[in-house]
Amino acid sequence: MPRRPFRWFVLLFALAVAPLVRAGALADIEALIPAENWADAKTRGAAALADPREHDAVVALLFNLALESPADFSEAEWTPWAEELQRRRSAENPRARSLATLSMWRAQRAFQARERDAAVAAVDEALALLRDGQGRISPAEQAYVLILAGQIRGLFGDYAEGATLAAEAETLLRKPHGMLERVRRLRAMYFHSLFEDRLGHYDTAIALARQGIAEADGLGVPTSSFRRRLVSVLSESLISRGEFTAVRDLMRPELERLRAQAQPSPRELAMTLGHLAEAERQLGDRELALNLYREAAQAASTDPALVASGSYAALLGNFGALAYELKRYEEADTALGQNLSLLENQFGGDSLRVVPPLLTVGEVAYERNLLDEAEQRFRRVLAIVATQLHPNHVEGAPALRGLARVLLRRGDAAGAAALLRGALSQQEAATGTEHPQLLGWRCDLAEALAQSGDAAGAFDNALLVEQRRNRLVAAVAPVLGETQALEFKNSLARCSERLLAVAAARGDAAQIAAAWDEIAAARGLATRLTAQRIAAVRSRLDAAAQAHWERWSKAAAAYADALRGGADGAALAELRRELDDAVEALGDGASLPSPPRKPMAELLARLPAQTGLVAFAAGAGATAPQLYAFVAEPGQAPRLLALGDLAALDARGERWYRLMREPGRDAELHEAGQAVRRHLFDALSLARSDGRLFVVADAGLHRLNFAALPDGDGFLIERGLRLHLLETEQDLAAAAAPSRDGLLLLGAPTLARSDVAALGQLRGGCPELGNALQPLPGAAREIDTLAELSRTAGRDQVVAHKGSAATASALRRDAARAGIIHFATHAFEIGAHCAAQAGSVRRGVGLRRDYADGAPDARTALSREAGLVLSGERGSNGLLLGADVSTLTLDGVGWVVLSACDTGLGARLGDEGVFGLRRAFRLAGARTVLMSLWPVDDAATSAWMEALYRARLQQSQDTVDAVATADLAVLKARRERGESLHPFYWAGFVAAGDWR
């Protein structure tokens, strides 16, 4: 008897805790959901099924887990669970609300099997049971029915119904209990956000996705697919808003996590790759984007759900559109054909799902001038949107724009303008005004207005394009690598042709001032932003900045070493990407100042007294490009002149330039020079041609030295023209020159036979290279003369390195104390054709493969690496490349003098100017670069340099006068000796940058 109370206590305790034990088993299984550990869930569930007290609840839970991820459960597993639930729930009530889950499961299977009618019927049945059935249904299953109904309705094009059903499920689970309800709420938020995006409600979609991501983070599983799906839809909405850097920053770590998995989900991999591809595409790295899209489509093709949902087809469409942009026509046609066919067969020809491919094939038809076909595609899109959504829905805006372009090409400018206004109104209401893709739309409107006679409207819209373009570059370029920043800018639509044409025709002072502001702001903007980022890190002393600098310096050295070593293209491309990544990281953790932009009124106020400014600008538009010139002279309002067809003017300039490169043929040279003077100099109608003139070049004009233009029996320089080049108008904003007076001279290198052989291999093997790289006696004398001249002028800090001492290590060691750095050596371009030098000894090896030097893209511009030949050391052949130069710290260097051949030339990229050594030294911080325009003569160069330094150091002349003094000194000496006055001997050097 004394034990009886204890027994009763044990029995009561056992009865009380039994439900908790069962609940604990279910909770243990549910706890595996966030990590998607379905294998363990099935194992534990199978064990729990054996307990009759737990069996019913476990069957329901396992079936719900199969609903969450059907691919992880076999048909043999889920079929008995579904059949048991069907029997039990039907037995309780043939119209039980809980049967809605099983109906929706059948809809899900039919949808995945592409059985559209069966899927639609099952969805209708499930919703009817949910709304009108009897009895109870758990919140998790009720949410599942709503979510999947919304998913299928939305994927069949009814985005509004999809969003409504998903929102209902989201609200139902506002306070979820247990993991199953939590992940169902996340699924609801995903589809709610997705369909809000499809409806054009991007701000709502972004807010929903971010809220869902925050809730997903609360699960404590960063790699969960629930979170990745929300990140995915957030990326889609950000893409729609044009926030591509945010998308890239989201997708890169997602892709890294997926690649780290042994068997990543094809679905997650495909969607992550696709979103990253679109971001990279819009940010300018189209080759990378194409590879990402190709991989995304391949991954999507292996996932039945993605094929069924149309996502695979959409990826094919994006891939095809980009392939077409890159002129991969065979790949493009195949992918675009598959894309449209798949979506039409799966969703029907009148579904919203076929709108994107119809737009793409319409654009392709337009580009091929198949206007009837393009019009047919665009009108079909508008009909679908009007029927499925409403006539003014944003989904139809791209088709309106496409149709407007067709009308414009057919000559209906007024009709085109009306359509474009409607398209812009719809699109800007959804995406905001700053979306990059809208630049081209608004320039189309400017063109339509111009053709319809509305010059003021055309100017206003063209100006708006240039303003927004500059803002986009200033906002985005600083967080990109060097190549991608340049490509991003280069890929953005411009409207400069229309802007310049209207302003030049009307002659309105306000319009000219506004146009010059934006043209000047755009010029070299990506390069200036890169230089600003590099300078900001150079000036910081904190550990983070130093780590970034070290990483970048090592990446640049590795890239330069690979170039010097003749690495193959694949290796160079990978090292270039690592270098770009290191440049991108330079801005991490740093607050960069505002972009270096001053309004033209302020810049013109900084012109020195009695100095004119001519800024050439090539208009890039749909019509044949023209050359324009902004002209500012003392006491006069700025003017804008239309000089004529760019190609014709470039041809005249190139003919004169070719004749300048080689002495002789004086009569032809004079004739060619007269043509250039007439069309490019006299056409400026300058008040004076005998004063100071600053020039900002564009197109091929960077090769021309106007001081050498003929003037009677002499040259314009003898009349008094004093020429100076500015890389951009912003050079006028430079602060006072540095006070350092040290002089560092390097050159006349000693080249081992092995070094010459190694350099020869970089030129594809040049038999004449040994002779071309012969010692430069003039350069050796030049270094000695300039060193003595500098000391005589009172400069004590003179360091000279000749022969084997003229190394890159010496440059790095001694540059920090120099105000002037002078190179007297050979110049060399990797990969250029062999070119024997005739006549006198030249300081170069025929750098140019061509003269036009226009680059189609940033990679080409950056790959045209040229260098200065120094003495080899530690296994290096001594070639100092631009990649080496850009990592130097030259902030206190006023002059860099490149006394070698062709050092002022390089590839050109749009309005970013000339690449090559001149750009590299500016990135390193040098204020002014003195450089050559052709393969200069060794002896004549020595004489020119001596005169330059006498003017600078002994007479304290500024850069403009010092260069002119050197030109005149050599010209005078040659005339007195009765030698050729050909400009080859005296006009080969120009200065660019700070004029002081």
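In this text the structure is predicted, and so the values were computed from the model without any measurement.
- Partners of Phe244 under the ring pair (Phe, Tyr, Trp, His ring centres under 6.0 Å) rule, at least two apart in sequence or in another chain, are His435.
- Remark: Arg722 engages no residue in a side-chain hydrogen bond (donor to acceptor under 3.5 Å, both in side chains) (not counting sequence neighbours).
- Looking at heavy atoms from C-beta onward, Tyr559 lies out of side-chain contact with Leu881 at the 4.5 angstrom threshold.
- Considering CG of Asp517 and CG of Leu603, their distance stands at 8.5 Å, rounded to 0.5 Å.
- A salt bridge does not link Glu280 to Arg248: none of the charged nitrogens lies less than 4.0 Å from a carboxylate oxygen.
- The shortest side-chain heavy-atom distance between Leu500 and Gln626 does not fall under the 4.5 Å cut-off.
- A distance-only check finds no donor-acceptor pair linking the side chain of Asn490 to the backbone of Leu486 [under 3.5 Å].
- Considering every non-hydrogen atom in both Ser689 and Leu721, the closest pair reads O-CB, 3.6 Å.
- Side-chain contact between Leu933 and Leu704: absent, with no pair of heavy atoms (C-beta onward) separated by less than 4.5 Å.
- Pairing each heavy atom of Ile519 with each of Ala617, the nearest pair is CG2-CB, 4.0 Å.
- The only member of Phe694, Phe706, Trp995 that meets ring pair (Phe, Tyr, Trp, His ring centres under 6.0 Å) when paired with His724 is Phe694.
- With respect to the salt-bridge test (charged N to carboxylate O, under 4.0 angstrom), the residues Arg677 and Asp682 qualify.
- Looking only at side-chain heavy atoms (C-beta outward), Leu905 and His702 come within less than 4.5 Å of each other.
- When atom types are taken as modelled, the side chain of Glu865 and the backbone of Gly882 share a donor-acceptor pair closer than 3.5 angstrom.
- A heavy-atom distance below 4.5 Å is not found between the side chains of Leu743 and Trp895.
- A donor-acceptor pair under 3.5 Å is formed between the side chain of Gln730 and the backbone N or O of Lys598.
- In this structure, CG in Asp994 is found 4.5 Å from OG1 in Thr928, a value given to the nearest 0.5 Å.
- Checked against side-chain contact (heavy atoms from CB on, under 4.5 Å), Asp911 has the following partners two or more places apart in sequence or in another chain: Arg469, Lys489, Arg494, Ala522.
- In this structure, CZ in Arg538 is found 4.0 Å from CG in Asp891, a value given to the nearest 0.5 Å.
- A salt bridge is absent between Arg597 and Glu602: the closest approach of a Lys/Arg side-chain nitrogen to an acidic carboxylate oxygen does not fall below 4.0 angstrom.
- The side-chain contact (heavy atoms from CB on, under 4.5 Å) search around Gln546 returns none, not counting sequence neighbours.
- Residues satisfying the salt bridge (charged side-chain N to carboxylate O under 4.0 Å, His left out) criterion with Asp444, sequence neighbours excluded, are Arg401, Arg405.
- Although no hydrogens or angles enter the test, the distance criterion places no donor-acceptor pair under 3.5 Å between the side chain of Arg639 and the main chain of Ile512.
- Using a 4.5 Å heavy-atom threshold, the side chains of Thr903 and Leu868 count as touching.
- Side-chain atoms of Phe989 and Met945, non-hydrogen and from C-beta on, do get closer than 4.5 Å to each other.
- Shortest non-hydrogen contact noted between Thr959 and Ala991 is CG2-CB, 3.6 Å.
- Counting only residues at least two apart or on different chains, no ring pair (Phe, Tyr, Trp, His ring centres under 6.0 Å) pair has a member in residues 472-513.
- Within a 6.0 Å sphere centred on CD of Gln610, heavy atoms belonging to other residues, nucleotides or ligands number 12 at most.
- Judged by distance alone, the side chain of Asp731 and the main-chain N or O of Glu727 form a donor-acceptor pair under 3.5 Å.
- Shortest non-hydrogen contact noted between Trp552 and Ala582 is CA-CB, 3.7 Å.
- Between the side chain of Glu912 and the main chain of Leu525, a donor-acceptor pair closer than 3.5 Å is present.
- For the side-chain hydrogen bond (donor to acceptor under 3.5 Å, both in side chains) test, no residue two or more places apart in sequence or in another chain qualifies with Gln437.
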Under the criterion side chain to side chain contact (heavy atoms under 4.5 Å, CB included), I'd like the reasoning laid out for Asp698 against Tyr628: C-alpha separation, chi angles, the key distance, then a yes or no. CA-CA 10 Å; Asp698 202 347; Tyr628 298 84; over 6 Å; no

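- When atom types are taken as modelled, the side chain of Arg908 and the backbone of Val914 share no donor-acceptor pair closer than 3.5 angstrom.
- For Trp944, the side-chain hydrogen bond (donor to acceptor under 3.5 Å, both in side chains) partners two or more places apart in sequence, or in a different chain, are Asp967.
- The shortest distance between side-chain heavy atoms of Arg740 and Val893 falls below 4.5 Å.
- Asp857 CG to Thr483 OG1: the interatomic distance, rounded to the nearest 0.5 Å, is 9.5 Å.
- Counting only N and O atoms by type, the side chains of Glu518 and Asn470 include a donor and acceptor under 3.5 Å apart.
- Legend: residues meeting salt bridge (charged side-chain N to carboxylate O under 4.0 Å, His left out) with Glu482, ordered by chain and number and at least two apart, are Arg576, Arg919.
- Judged purely by atom type and a 3.5 angstrom limit, Ser496 has no side-chain atom pairing as donor or acceptor with the backbone of Gly619.
- Legend: residues meeting salt bridge (charged side-chain N to carboxylate O under 4.0 Å, His left out) with Glu550, ordered by chain and number and at least two apart, are Lys554.
- Closest approach of Arg533 to Glu584, counting heavy atoms only: NH1-CA, 3.5 Å.
- Annotation: side-chain hydrogen bond (donor to acceptor under 3.5 Å, both in side chains) contacts of Thr887 (sequence neighbours excluded): Arg812.
- Of all the heavy atoms in Leu909 and Ala855, the pair that sits closest is CD1-O, 3.7 Å.
- By the ring pair (Phe, Tyr, Trp, His ring centres under 6.0 Å) test, Tyr949 pairs with His822, sequence neighbours left out.
- For the atom pair CG of Leu445 and CG of Asn461, the computed distance is 4.5 Å after rounding to the nearest 0.5 Å.
- In this structure, the side chain of Asp249 does not engage the main chain of Ala246 through any donor-acceptor pair within 3.5 Å.
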| request: Output, in order, the C-alpha distance, side-chain angles, deciding distance and verdict of salt bridge (Lys or Arg N to Asp or Glu O under 4.0 Å) for Arg523 and Glu729. | output: CA-CA 8 Å; Arg523 205 188 305 267; Glu729 291 90 335; 2.9 Å; yes

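- Using modelled atom types, one side-chain atom of Arg927 and one backbone atom of Ala735 make a donor-acceptor pair closer than 3.5 Å.
- The structure places OG1 of Thr433 at 8.0 Å from CG of Leu438, a figure rounded to the nearest 0.5 Å.
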